[in-house]
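Working notes, structure below.
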Amino acid sequence: MVGSITQDSPGIVMTLDEQRHGLEDGDLVTFSDVQGMTELNGIEPIPIKVLGPYTFSIGDTSKYNAYKNGGYVHQVKKTAKIDFKSLRESLIEPDFTTSDFAKIERERQLLLIFQAIDSFFIQFGAFPRPGSQQDAEYVLQMANHFNREIVVDGKILNKQLVDKIDEKLVLTVAKIASGQLSPMMAVVGSIAAQEALKACSGKFMPIKQFFMFDALEALPDEELPMSEYEQTGSRYDAQVAVFGKSIQQKIESLKYFLVGAGAIGCEMLKNWAMMGVACGKEGKIHCTDMDVIEKSNLNRQFLFRSSDMQQLKSETAGRRAKEMNPSLNIETYSVKVGTDTEDVFGDEFFEGLDGVCNALDNVQARTYMDQRCIYFLKPLLESGTLGTKVGLESMMGGGGWAWEGAGGERSKGDGR
């Protein structure tokens, strides 16, 4: 519902009672039942520009009658035909749906690297060995091979994609190409699932051609020796192939506090169990959630089953995560976090932690946990969901950047 519309260029629309409009830049809207500024009623769909969660601009309204009250805004979806290139055409003239504009220069480099690694696999029947300089240099040769123009009988079979290959990037990716990371698979799998739903329903804009997603900043700063990548037959070998065994040992020894066992909490516990977080002798996860499982939780809190109705979320999620990895050390609680539960989560408790992960659905608890992390100098992973959108922030205790002032309004969505 419309709360107000200014007579201006551009005109600004504000929703009634701070209702989120859920629109994005470029969305098309029309209006109905507007009192005063009647020119907008039934208007042809017009593009909007988002100014905030409750406001957006619609173009020049300065010559319209003054807005009085009432009215509804309707988003208009128009059918669009989307053409895709074949794989062969895309390799010659690639188009990308950019995931991170800070890494936009890396997209073509990664495409070359994937081609080179794929060629390596076809030739040798396996990916480059973890940390192998020899295998990585061969991948670099293949990347240079693919980065050249090939013309046969006047037909372009291949084109040079970049002026200069980033050799360090090629060698880095090649050395970890045989690795597998559960969180990365979760991201790619969820994106693929959304694309499948788009294709089945014919709704929503699909990803156009190539989509490159990387988190190379998570890798160790310094190059690791070959001994770090030693494969021992452990369930974590694929992760060791990326981070090395020293980091894996640290992961297994972590002591973390997970606050909330809803949608985000279930995802975190699943990933942690697969990664081996707190699966060593010294590691431990503390998980608290005072809520019980309801029917509405079952659609996205995937650690729960219909047989778990009315059971505590924390206990059920912890039990299911331990089924995934029996080595997981986890203790569950059914109390909220706050000043009245500091007899449970007191000074000694926080001092023994390596970090905190919030999976909460209210601002009060988030603010409290933020203050505790600052006081005890503990890293805080903060996140929240709103529909299909998510907000995520990582904060280091003592850095002077509290959640309350670092974007709490942006990410205070439903974390349940």
Side-chain angles (χ1 to χ4, degrees), residues 100 103 106 109-110 113-114 116-118 120-121 124-143 166-189 212-256 258 267-285 321 324-330 353-357 378-379 381 392 394 396:
D100 187 343
K103 301 176 181 178
R106 196 180 288 174
Q109 297 277 355
L110 289 174
I113 295 171
F114 280 123
I117 292 175
D118 185 56
F120 185 100
F121 186 87
F124 300 104
F127 289 111
R129 290 167 294 176
S132 171
Q133 182 70 22
Q134 180 182 358
D135 289 0
E137 288 179 354
Y138 188 85
V139 171
L140 177 58
Q141 292 179 25
M142 295 306 301
D166 186 337
E167 294 188 3
K168 182 179 179 181
L169 179 64
V170 177
L171 295 174
T172 297
V173 176
K175 289 179 180 180
I176 63 173
S178 63
Q180 296 179 6
L181 300 177
S182 176
M184 184 64 77
M185 291 180 180
V187 171
V188 175
M212 298 293 178
F213 177 80
D214 76 80
L216 293 172
E217 61 275 10
L219 294 176
D221 294 330
E222 298 180 359
E223 187 172 345
L224 301 178
M226 274 293 291
S227 58
E228 278 287 316
Y229 297 104
E230 181 184 359
Q231 304 290 282
T232 61
S234 163
R235 68 179 293 168
Y236 311 119
D237 274 355
Q239 188 163 272
V240 169
V242 178
F243 295 126
K245 63 183 182 182
S246 295
I247 289 182
Q248 181 61 38
Q249 290 169 359
K250 291 181 180 179
I251 289 173
E252 293 178 31
S253 299
L254 285 174
K255 301 175 184 67
Y256 245 80
L258 176 63
E267 180 69 18
M268 296 306 296
L269 279 178
K270 179 264 294 182
N271 284 334
W272 289 355
M274 295 294 97
M275 294 170 63
V277 173
C279 291
K281 293 181 179 180
E282 299 178 1
K284 191 169 189 178
I285 292 172
M324 294 179 177
N325 191 337
S327 298
L328 180 69
N329 299 313
I330 183 168
L353 296 174
D354 292 310
V356 175
C357 178
K378 301 298 179 182
L381 301 177
L392 175 66
S394 301
M396 297 299 295

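A heavy-atom distance below 4.5 Å is found between the side chains of Leu216 and Arg106. Looking at heavy atoms from C-beta onward, Leu353 lies out of side-chain contact with Tyr256 at the 4.5 angstrom threshold. The closest side-chain heavy-atom distance from Thr232 to Val240 is not below 4.5 Å. In this structure the side chain of Asp214 never reaches within 4.5 angstrom of the side chain of Val173, judged on heavy atoms.
Atom CG of Asp166 is separated from atom CG of Leu171 by 9.0 Å, given to the nearest 0.5 angstrom. The CG atom of Leu181 sits 7.5 Å away from atom CD1 of Ile176, with the distance rounded to the nearest 0.5 Å. To the nearest 0.5 Å, atom CE of residue Met142 and atom CG of residue Leu140 are 11.0 Å apart. Distance check, rounded to the nearest 0.5 Å: CD1 of Ile330 to CG of Leu269 gives 5.0 Å. The NZ atom of Lys245 lies 4.5 Å from the CD atom of Glu230; values are rounded to the nearest 0.5 Å. Taken from CG in Leu258 to CG in Leu381, the straight-line distance is 10.0 Å, to the nearest 0.5 Å.
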Side-chain donor/acceptor pairs under 3.5 Å, residues 271-284, sequence neighbours excluded:
residue, atom, partner, partner atom, Å
Asn271, OD1, Ser182, OG, 3.3
Asn271, ND2, Glu267, O, 3.4
Asn271, ND2, Glu267, OE2, 3.4
Lys284, NZ, Glu331, OE1, 2.7

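Under the ring pair (Phe, Tyr, Trp, His ring centres under 6.0 Å) criterion, Tyr229 pairs with no residue, sequence neighbours left out. Qualifying side-chain contact (heavy atoms from CB on, under 4.5 Å) partners for Glu252, counting only residues two or more places apart in sequence or in other chains: Tyr236, Gln248. The side-chain contact (heavy atoms from CB on, under 4.5 Å) search around Arg129 returns Ser132, Gln134, Asp135, not counting sequence neighbours. Considering only residues two or more places apart in sequence or on other chains, Glu217 meets the salt bridge (charged side-chain N to carboxylate O under 4.0 Å, His left out) condition with Lys103. Legend: residues meeting side-chain contact (heavy atoms from CB on, under 4.5 Å) with Pro225, ordered by chain and number and at least two apart, are Ser227, Glu228. Residues forming a ring pair (Phe, Tyr, Trp, His ring centres under 6.0 Å) with Phe124 (at least two apart in sequence, or on another chain): Phe120, Tyr138. Among residues two or more places apart in sequence or in another chain, the side-chain contact (heavy atoms from CB on, under 4.5 Å) test is passed with Ala238 by Gln180. In this structure Glu137 satisfies the salt bridge (charged side-chain N to carboxylate O under 4.0 Å, His left out) test with no other residue, sequence neighbours excluded.
Here the shortest heavy-atom pairing between Ala177 and Ile117 reads CB-CD1, 3.7 Å. Nearest approach of Gly244 to Leu224, heavy atoms of both residues: CA-CD1, 4.0 Å. Shown here for Ala174 and Pro128, the closest heavy-atom pair between the two residues is O-CB, 3.4 Å.
Pairs of residues two or more places apart, or lying in two chains, that qualify as side-chain hydrogen bond (donor to acceptor under 3.5 Å, both in side chains) and include a residue from residues 169-179 are Gln133-Lys175, Lys175-Glu223. Every pair tested for salt bridge (Lys or Arg N to Asp or Glu O under 4.0 Å) that includes a residue from residues 177-188 fails, sequence neighbours excluded, so the list is empty.
Without hydrogens or angle criteria, Asp237 side chain to Gly233 main chain gives a donor-acceptor distance under 3.5 Å.
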